[in-house]
Structure formats: C-alpha cells, structure tokens
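Here the structure comes first, spelled out in structure tokens, and everything after it is commentary.
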Amino acid sequence: MTNPADSIEIQNVVASTGIGQELDLEALAEDLPGADFNPDNFPGLVYRTQEPKAAALIFRSGKIVCTGAKSIDDVHEALGIIFEKLRGLSIPVEDDPEITVQNIVSSADLGHNLNLNALAIGLGLEDVEYEPEQFPGLVYRMDTPEVVILLFGSGKIVITGGKRTDDAEEAVEEIVERIEGLGLLG
Amino acid sequence: RLRKWQERIRTKDAGERNLQFALSEIDRMASALGVPRSVREVASVIYRRALSEDLIRGRSIEGVATAALYAACRQEGIPRSLDEVAEVSRVPQKEIGRTYRYISQELGLELKPVDPKQFVPRFASSLELSEEVQSKATEIIDVSAEQGLLSGKSPTGFAAAAIYAASLLCNEKKTQREVADVAQVTEVTIRNRYQEQIEAMGFR
DNA sequence: GCTTTAAAAAGTAATCT
DNA sequence: AGATTACTTTATAAAGC
C-alpha cells in the first residue's frame with residue numbers, strides 16, 4: 001500500500017520578481033556571458049543558471065520570471081545568483097525583492113492503470129477534456145484546490161496551476177477519492 | 001438616429017452575410033466529406049448556437065464552422081478524424097481542434113470520446129473488405145478496449161490496427177501501408193496497436 | 001490572441017541509420 | 001525495423017504587437 005501522495009515530485013516552479021530598477025538589456029546582453037537576447041523575437045533576455053538549473057526571463061522594466069527550478073528553494077537560490085550577478089555589474093538591486101510563486105508543476109503515480117473513457121464519463125464530461133486523437137491525457141479541472149490535472153492510462157498524473165506546495169498533495173488526495181468513489185481505481 | 005438605423009442595417013446585413021457564408025462553407029465541407037444532410041443540419045444548429053452565444057468573437061468564421069461540422073459528425077455517430085476535416089477546410093488542423101474544444105465546452109455539447117468502432121465500416125469499405133472482416137475488427141476493438149488498451153490511444157489508429165488484424169485473420173490480407181493510408185496514420189502506429197491487440201485476443 | 005521559458009506525462013510522426 | 005528527435009496538452013509570469 002503505497003500512498004500516491006508520497007510519489008509526488010515537483011518538476012517545475014515558475015516565479016516572478018523584480019529588482020525595482022529599469023534595465024538596459026542591450027548592455028546587459030553584452031555583460032552577461034551566456035545571455036540570449038532577441039528583441040525582435042521576444043522582449044525578454046534569457047539567462048540560464050547551472051546550479052540550480054533554471055532559466056530567467058529578464059525584462060527592461062526590471063521584472064524577472066524564473067522557470068525550470070525543481071523547488072521553491074531552488075527558485076530563491078537561482079534568483080539570488082542573478083541578483084548577485086547584476087550587483088556585480090553595479091546595477092542596484094533591492095535588498096530582498098519579493099518573489100511570488102506563480103505556478104508549480106508536479107507529477108505523481110496513482111499506482112493503477114486508468115480507464116480514461118470511463119473516467120471521462122464518471123468525473124463528468126462538463127469538467128473533463130479527453131480527446132485522445134489530439135493528446136493522450138485526460139484534462140481535469142479541479143475546483144478545490146484550483147488546479148488542472150492531466151491523467152494518463154498508466155496511472156501517472158501531472159498537476160499544474162497550483163501556487164502552494166500543498167496544492168499537489170490535496171489534489172492527489174481529492175482525485176484518488178473521486179476515482180475510488182467511482183470504483184475506477186484498480 | 002438615421003445613422004443608427006443605417007448602422008443597424010449594415011451590421012445586420014454583415015451578420016447575415018457572415019451566417020450565409022458559414023452555412024455555405026458547412027455545406028461545401030460536408031459534401032466533400034460525404035456526410036448525410038442530417039449532419040449538415042446539426043452542424044448548422046451548433047454554429048447558430050455558437051453565434052448566439054457570441055463564441056465567434058476573436059475566432060475565424062471558417063474555424064467555428066469547421067469545428068461545428070466536426071462536432072456534428074461525432075454527435076451523429078459518424079465521426080471524421082481531425083485530419084480528414086482539415087483536408088476539406090481552409091483552417092489548420094490545430095485551430096480546428098482548439099476551436100472544437102472551446103465550443104464544445106461553452107455549448108456544453110458533452111460529446112463522449114470517439115469510439116474506434118465507428119470508423120470500421122467506412123475504412124473497411126474503402127479497402128473493399130467483407131462484412132466478416134468488419135465484425136472481426138469490431139470484436140477485436142471490444143476485447144482489447146475492455147482490457148484497458150484503449151486509454152490515451154487515437155481512435156483512428158486503434159481502428160486501423162484492428163482492421164489490419166482482422167484482414168489477416170479472415171484471409172483477406174491488406175498491407176499495413178494500405179490500411180495506414182485510408183486511416184491516415186503511420187505504419188508504425190498500426191504495428192504498435194496490432195501487437196497489443198493480438199496479445200489481448202490471446203493470439204501470438 | 002501571439003511571441004519565450006521550464007518540466008512532466010504518453011502517443012504519434014518524421015527522419016536517419 | 002529501431003533509434004532519435006520533436007511535436008501535441010496543461011499552467012504561469014513577463015512586454016509588446
């Protein structure tokens with residue numbers, strides 16, 4: 001009896017912040033080795049950190065988006081590295097810029113195969129999107145917590161849209177309960 | 001006041017012209033797909049509902065018209081794949097799929113997932129396969145779906161593999177290429193589904 | 001709506017050996 | 001007939017078209 005909630009792994013955390021200072025991205029692109037800046041393509045400058053591995057989108061307004069981190073701690077660490085890099089370029093950065101987690105993507109394993117056709121009907125076609133011709137996963141929009149769950153035939157799932165670490169655990173408990181209630185979990 | 005009248009008439013005329021265009025497009029695509037008149041009527045009703053609920057704003061008329069037709073085919077139990085619908089539409093497949101998901105959600109169509117069995121008669125007849133092959137393919141689909149093999153798989157590929165397997169079992173062999181062409185899937189997909197299905201049937 | 005970034009799931013597809 | 005690479009879906013911020 002392994003608890004599906006124990007199988008939860010955070011795969012990606014998206015967060016936003018800002019240094020409270022306008023930036024000259026053209027100059028920054030020169031001074032930051034490894035920076036990608038294609039203003040014709042996208043207004044943000046892309047900068048990747050190696051440890052922890054993450055990607056930051058830095059904008060002219062001084063606002064920054066960090067993606068790809070495996071934990072909230074990693075987000076803070078990666079952004080801390082970027083803040084230091086900017087200070088090293090004598091760009092003033094606020095002391096402790098507020099970092100807001102915008103989205104957490106997690107994966108988990110329910111431990112049993114799922115009959116997605118039966119699940120689509122059981123969970124209610126109005127809350128479900130299951131179009132195997134377009135994508136193999138069943139998309140389920142849950143109200144509380146407010147997340148979107150992708151369910152696959154293997155029993156593996158993806159939880160996204162949550163902002164708190166607890167959202168994934170609550171979502172897994174809720175979906176397991178609903179699937180069991182329908183008698184559709186092995 | 002006069003300008004308002006003119007504007008209303010102009011808007012009404014434009015709306016009327018757009019509706020006529022959408023309905024004629026539905027008619028044209030339905031003919032090209034060879035679906036019965038009843039499906040065109042259902043598609044028209046879906047399109048008018050989308051129009052009255054203001055779902056067309058920000059979307060192309062042709063996209064909504066195509067999505068309505070795709071939905072109507074499913075509702076009437078004679079589905080066409082997105083590939084097939086895209087072939088007769090000037091809208092890219094990706095947009096048809098997105099628009100379908102949107103209007104389906106907003107209009108509460110609540111269409112059940114496509115049953116692979118619904119493709120069997122059409123695919124089998126264009127391959128000139130017998131009734132025997134068709135019922136065998138249907139049986140293969142039922143048995144393998146009951147064993148949970150259908151989850152996440154494309155209905156077209158699933159039907160194509162069952163038809164290929166049935167053609168072998170009934171000594172009316174078609175090549176994977178031939179079946180793949182009518183179903184618009186690759187031979188690789190047929191091979192993969194076929195292997196799972198014959199195992200589910202207890203052969204191999 | 002789109003553009004870019006990241007990550008997982010599983011199916012399908014294109015390309016190369 | 002493999003293997004590899006790449007694309008499909010979900011969420012999310014950012015600035016600008």
Side-chain angles (χ1 to χ4, degrees), chain A residues 7-18 23 25 36-49 52-71 74-75 78 99-110 113-114 116 129-142 146-163 167-168, chain B residues 57-60 63 81-83 93-95 97-99 101-102 150-158 160 176 180 183-193 196:
Chain A
S7 70
I8 297 173
E9 283 181 43
I10 294 182
Q11 300 291 353
N12 183 21
V13 177
V14 181
S16 59
T17 187
L23 291 167
L25 297 184
D36 287 341
F37 184 45
N38 291 46
D40 295 344
N41 233 254
F42 186 70
L45 178 154
V46 182
Y47 184 72
R48 288 160 226 273
T49 56
K53 194 181 164 215
L57 304 177
I58 305 174
F59 298 88
R60 194 181 55 241
S61 63
K63 299 221 177 141
I64 301 174
V65 172
C66 179
T67 69
K70 290 286 185 193
S71 70
D74 282 358
V75 167
I99 295 172
T100 309
V101 174
Q102 303 286 359
N103 183 28
I104 299 178
V105 182
S106 299
S107 60
D109 190 350
L110 300 186
N113 287 341
L114 298 171
L116 300 184
E129 204 172 279
Y130 175 48
E131 293 294 330
E133 190 189 339
Q134 302 178 58
F135 185 69
L138 182 156
V139 182
Y140 180 63
R141 286 161 209 280
M142 185 175 274
E146 195 176 336
V147 297
V148 172
I149 306 179
L150 308 181
L151 300 115
F152 297 86
S154 64
K156 301 271 185 63
I157 71 174
V158 171
I159 306 102
T160 187
K163 288 183 157 60
D167 287 341
Chain B
R57 202 172 281 180
R59 259 160 278 269
S60 71
S81 68
L82 279 178
D83 267 301
Q93 193 197 313
K94 196 171 165 179
E95 188 188 327
R98 276 189 194 161
T99 307
R101 278 183 259 136
Y102 178 71
L150 181 56
S151 286
K153 268 74 164 225
S154 119
T156 350
F158 209 80
Q176 294 180 356
Q184 295 195 270
V185 296
T186 61
E187 293 165 273
V188 179
T189 296
I190 292 190
R191 244 174 264 136
N192 291 337
R193 298 305 135 246
E196 297 170 354

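If you're wondering where the values come from, they're calculated on a predicted model, not measured in any experiment. Throughout, protein chains are lettered first and strands after them, A, B, ... in sequence-line order, and every chain is numbered starting at 1.
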* **Watson-Crick or G-U wobble partner of D:dA14, both distances under 3.5 Å** => C:dT4

* Considering every strand shown, what is the Watson-Crick or G-U wobble mate of C:dA14 when both distances are under 3.5 Å? ->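 Partner of C:dA14: D:dT4.
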
* Asked: Side-chain contact, heavy-atom cut-off 4.5 Å: A:Ile10 with A:Lys70?
  ->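 A:Ile10 vs A:Lys70: side chains apart.
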
* For C:dT3 versus D:dC7, give the span between their P atoms, rounded off to a whole number of Å. => 13 Å

Spacing of [X] atom [atom1] relative to [N] atom [atom2], expressed in whole Å:
X        : N      : atom1 : atom2 : result
A:Lys156 : C:dG11 : NZ    : P     : 11 Å
A:Ile8   : C:dA8  : CD1   : C1'   : 14 Å
A:Leu110 : C:dA9  : CG    : P     : 14 Å
A:Gln11  : C:dA6  : CD    : C1'   : 11 Å
A:Asp36  : C:dT3  : CG    : P     : 18 Å

* To do: For A:Ser154, answer base if it contacts any base atom (sugar-phosphate contacts may also be present), sugar-phosphate if it contacts only those atoms, and nothing otherwise; contact means non-hydrogen atoms under 4.0 Å.
  => sugar-phosphate

* Could I get the full list of side chain to side chain donor-acceptor pair (under 3.5 Å) partners for A:Glu129, not counting sequence neighbours? =>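 Checked A:Glu129 against side chain to side chain donor-acceptor pair (under 3.5 Å); zero matches.
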
* **Residue list, side chain to side chain donor-acceptor pair (under 3.5 Å) with B:Ser60, at least two apart or on another chain** =>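 For B:Ser60 the side chain to side chain donor-acceptor pair (under 3.5 Å) partners, ignoring immediate neighbours, are B:Glu95.
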
Taking only nitrogen or oxygen atoms into account, show me every contact under 3.5 Å that the protein makes with nucleotides 4-10 of chain D, one pair per line with its distance.
unit_1	atom_1	unit_2	atom_2	d
D:dT8	OP1	B:Lys94	NZ	2.9

* Can you tell me if A:Glu9 and A:Ser107 form a side-chain donor-acceptor pair at under 3.5 Å? ->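 A:Ser107 and A:Glu9 do not have a side-chain donor-acceptor pair below 3.5 Å.
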
Please tabulate, for side-chain N and O atoms in residues 149-163 of chain A, each donor-acceptor pair with protein atoms closer than 3.5 Å (sequence neighbours left out).
unit_1	atom_1	unit_2	atom_2	d
A:Ser154	OG	A:Lys156	N	3.2
A:Thr160	OG1	A:Asn103	OD1	3.4
A:Thr160	OG1	A:Asn103	ND2	3.4
A:Lys163	NZ	A:Gln102	O	3.2

* How would nucleotides 12-17 of chain C be written as a contact map, 5' to 3', with B for base contact, S for sugar-phosphate-only contact and - for no contact, using protein heavy atoms under 4.0 Å? -> SSS---

* With the sugar-phosphate defined as primed atoms, P, OP1 and OP2, and the base as all remaining atoms, what B/S/- string results for nucleotides 12-17 of chain D, 5' to 3', for protein heavy atoms under 4.0 Å? -> BBBBS-

* To do: For A:Asp74 and A:Lys53, run salt bridge (Lys or Arg N to Asp or Glu O under 4.0 Å): C-alpha distance rounded to whole Å, both residues' side-chain angles, the deciding distance at 0.1 Å, then the answer.
  => CA-CA 8 Å; A:Asp74 282 358; A:Lys53 194 181 164 215; over 6 Å; no

